[in-house]
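Shown next, in structure tokens, is the structure this report addresses.
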Amino acid sequence: MNPLEVLAGIETQTLQPSAQRTDSEGCFPRETIQALGQAGLLGLVSATSVGGQGLGLKEAAQVVSRIAQTCPSTAMVVCMHYCATAVLEQFGPEATRRAIAEGKHLSTLAFSEADSRSHFWAPTGTARADGANVVLDARKSWVTSAFEADSYVWSSKPLAAEGASTLWLVDAKSDGLSQPSRFDGLGLRGNASTPITAKDVRIAASARLGEDGKGFDAMMGVVLPWFSVLSAACSTGLMEGALSRAIGHVSQTKHVHLDSSLTDLPTIRAYLARARIKTDMVQALLDDTVAAIGASRPDTMLRVLEVKAAAAEAALEVTDIAMRVCGGAAFRKEAGIERLFRDARASSVMAPTSDVLYDFIGKAITGLPLF
């Protein structure tokens, strides 16, 4: 299947009609997620052996980017689901993988914690053995699709081994999970990103994903490339959405007394040109990052670190330009530009933040170890 052709119908029937309500009411886009599942797009990166589409990071980025043009909240839900699925495809149980492939199971990551902040690779939450079970305790600070997803790819300190972390598959309905607060924020208001507290959460020891103590390896080798690329794809789609709306507005808006449109103003055209160049630059870097990952190029890690930071910062600039050229009209909710402007603020402060990535990039290009 061509995933973008499949997505086109969902955009028209479900995504576009609900995007403004998802933002204004801060409601999870359940109807759109169900439509994506029924169309096979939640199983996009699941192996064909379990009934999935068997596609990869390139196609996942295209889907996330297209969704983000209309609703970045939904795009981030899908981004996190694909990241979790990438882990589960390597380490998860077949039953869960088949449910994802069938579009009946939504997963997400539960990494960032209150005590280690944006250093998502360093959980402070614990896991302890109790017979054939493991008991988890943690204060997760931000979990996309919290209490909306069916499962969490969960990080903790190792059970017994040396290492930074261990990963687990946690049923979202497990006893002991609670939501200390709900999200009512500036942007990405519909992705249900809230804290989760785990108190004596009991799971089977067999729910471990990979080896005890090897969670850091999965985070860096699997999750970071997928998340960086898909987060950048979300920012790129968001830029495309803001730019297309801005172009549409200035092309249609007239100065009747001057018999001219806003596009007749050189300053307006220059601002739009800057936004177009920034968007195209990020798209080129995104494409090159995907190519580097696919070819296992020597510069792969550098590209992975660069792409999220570049896209996040460019999205701030491009959405600012869209607001500027559209003037007061951009402040109206129905235009959709101020929503994308607000949504664009999230990526630069989403772990790993742009500032953390700048430090990593600086270390990488000066020959220093990242950790």
Side-chain angles (χ1 to χ4, degrees), residues 45 56-58 60-61 64 79-92 107-113 115-125 127 138 140-144 152-159 161-169 208-234 285-286 288-312 347 350-371:
V45 301
L57 188 54
K58 176 182 177 180
V64 169
C79 163
M80 292 300 195
H81 170 74
Y82 286 157
C83 290
T85 300
V87 176
L88 294 171
E89 279 298 298
Q90 288 202 23
F91 305 112
S107 195
T108 192
L109 303 177
F111 286 175
S112 297
E113 297 193 0
D115 295 328
S116 50
R117 313 292 296 176
S118 62
H119 294 184
F120 69 89
W121 57 88
T124 59
K140 298 293 180 181
S141 54
W142 295 103
V143 180
T144 296
Y152 308 117
V153 173
W154 187 280
S155 62
S156 74
K157 287 184 175 181
L159 187 64
E162 295 293 326
S165 63
T166 296
L167 300 184
W168 309 91
L169 178 61
R208 193 179 71 211
L209 300 172
E211 298 179 36
D212 188 26
K214 297 294 186 181
F216 179 86
D217 296 344
M219 287 180 176
M220 295 299 112
V222 180
V223 176
L224 183 59
W226 276 78
F227 177 70
S228 290
V229 166
L230 296 184
S231 177
C234 185
L285 179 59
L286 177 58
D288 188 64
T289 304
V290 173
I293 294 169
S296 299
R297 281 180 4 207
D299 63 344
T300 296
M301 181 52 72
L302 181 60
R303 287 291 182 264
V304 167
L305 297 173
E306 289 174 335
V307 72
K308 178 182 180 293
S347 185
M350 189 181 298
T353 67
S354 291
D355 288 334
V356 167
L357 288 170
Y358 288 153
D359 184 42
F360 283 168
I361 293 165
K363 288 179 178 179
I365 63 178
T366 56
L368 297 176
L370 296 186
F371 297 95

>> Checking S112 now: which residues fulfil side-chain hydrogen bond (donor to acceptor under 3.5 Å, both in side chains) with it, not counting sequence neighbours?
In response: none
>> A quick test of your reading: do over 12 heavy atoms of other residues, nucleotides or ligands sit less than 6.0 Å from CD of E211?
In response: no
Under 3.5 Å, side-chain donor or acceptor atoms of residues 298-312 against the rest of the protein: list the pairs with distances, not counting sequence neighbours.
{"residue": "D299", "atom": "OD1", "partner": "R297", "partner atom": "NE", "Å": "2.9"}
{"residue": "D299", "atom": "OD1", "partner": "R297", "partner atom": "NH2", "Å": "3.4"}
{"residue": "D299", "atom": "OD2", "partner": "R297", "partner atom": "NH2", "Å": "2.9"}
{"residue": "T300", "atom": "OG1", "partner": "A292", "partner atom": "O", "Å": "3.0"}
{"residue": "T300", "atom": "OG1", "partner": "R297", "partner atom": "N", "Å": "3.1"}
{"residue": "T300", "atom": "OG1", "partner": "R297", "partner atom": "O", "Å": "2.6"}
{"residue": "R303", "atom": "NE", "partner": "D288", "partner atom": "OD2", "Å": "2.8"}
{"residue": "R303", "atom": "NH1", "partner": "E306", "partner atom": "OE1", "Å": "2.8"}
{"residue": "K308", "atom": "NZ", "partner": "S347", "partner atom": "O", "Å": "2.7"}
{"residue": "K308", "atom": "NZ", "partner": "M350", "partner atom": "O", "Å": "2.9"}
{"residue": "K308", "atom": "NZ", "partner": "P352", "partner atom": "O", "Å": "3.0"}

>> Once you measure the plane-to-plane angle for F120 and F111, does it fall in the parallel (<30°), tilted (30-60°) or perpendicular (>60°) bin?
In response: parallel
>> Testing the basics here: between D212 and A161, what is the closest heavy-atom pair and its distance to 0.1 Å?
In response: OD2-N, 2.9 Å
Would you mind writing out the side-chain donor-acceptor pairs for residues 217-227 within the sub-3.5 Å range, not counting sequence neighbours?
none

>> Quick check: do T353 and V356 have side-chain heavy atoms less than 4.5 Å from each other?
In response: yes
> If only atom types and distance count, is the side chain of H81 paired as donor or acceptor with the main-chain N or O of S107 below 3.5 Å?
Replying inline: yes
> Does any non-hydrogen side-chain atom of K214 lie less than 4.5 Å from one of T166?
Replying inline: no
> Any donor and acceptor pair, going by atom type alone, linking the side chain of D115 with main-chain N or O of T124 inside 3.5 Å?
Replying inline: no
> Can you find a heavy atom in the side chain of L286 that is under 4.5 Å from one in the side chain of V229?
Replying inline: yes
> Could you walk me through whether V45 and L57 pass the side chain to side chain contact (heavy atoms under 4.5 Å, CB included) check?
Replying inline: CA-CA 8 Å; V45 301; L57 188 54; over 6 Å; no
> Shortest non-hydrogen contact from G163 to P158?
Replying inline: O-CG, 3.2 Å
> Nearest 0.5 Å, what's the SG-CG distance between C83 and L88?
Replying inline: 11.5 Å
> Rounded to the nearest 0.5 Å, what separation is found between the OG1 atom of T144 and the CE atom of M80?
Replying inline: 4.0 Å
> How about S141 and E113: does a side-chain donor come under 3.5 Å of a side-chain acceptor?
Replying inline: no
> So do L370 and D359 actually touch side chain to side chain, heavy atoms under 4.5 Å?
Replying inline: no
>> For Y152 together with W168, are the ring centres under 6.0 Å from each other?
In response: no
> How far apart are the closest heavy atoms of S231 and C79, and which atoms are they?
Replying inline: N-SG, 4.1 Å
> Taking atom CD of Q90 and atom CG of L167, what is their separation to the nearest 0.5 Å?
Replying inline: 11.0 Å
> Quick one: OH on Y82 to OG1 on T85, what's the gap to the nearest 0.5 Å?
Replying inline: 8.5 Å
> Does K140 reach the main-chain N or O of A110 with its side chain, forming a donor-acceptor pair under 3.5 Å?
Replying inline: yes
>> Please check: side-chain N/O of R208 versus main-chain N/O of G210, any donor-acceptor pairing under 3.5 Å?
In response: yes
> CG of L159 to OG of S165: how many Å apart, nearest 0.5 Å?
Replying inline: 12.5 Å
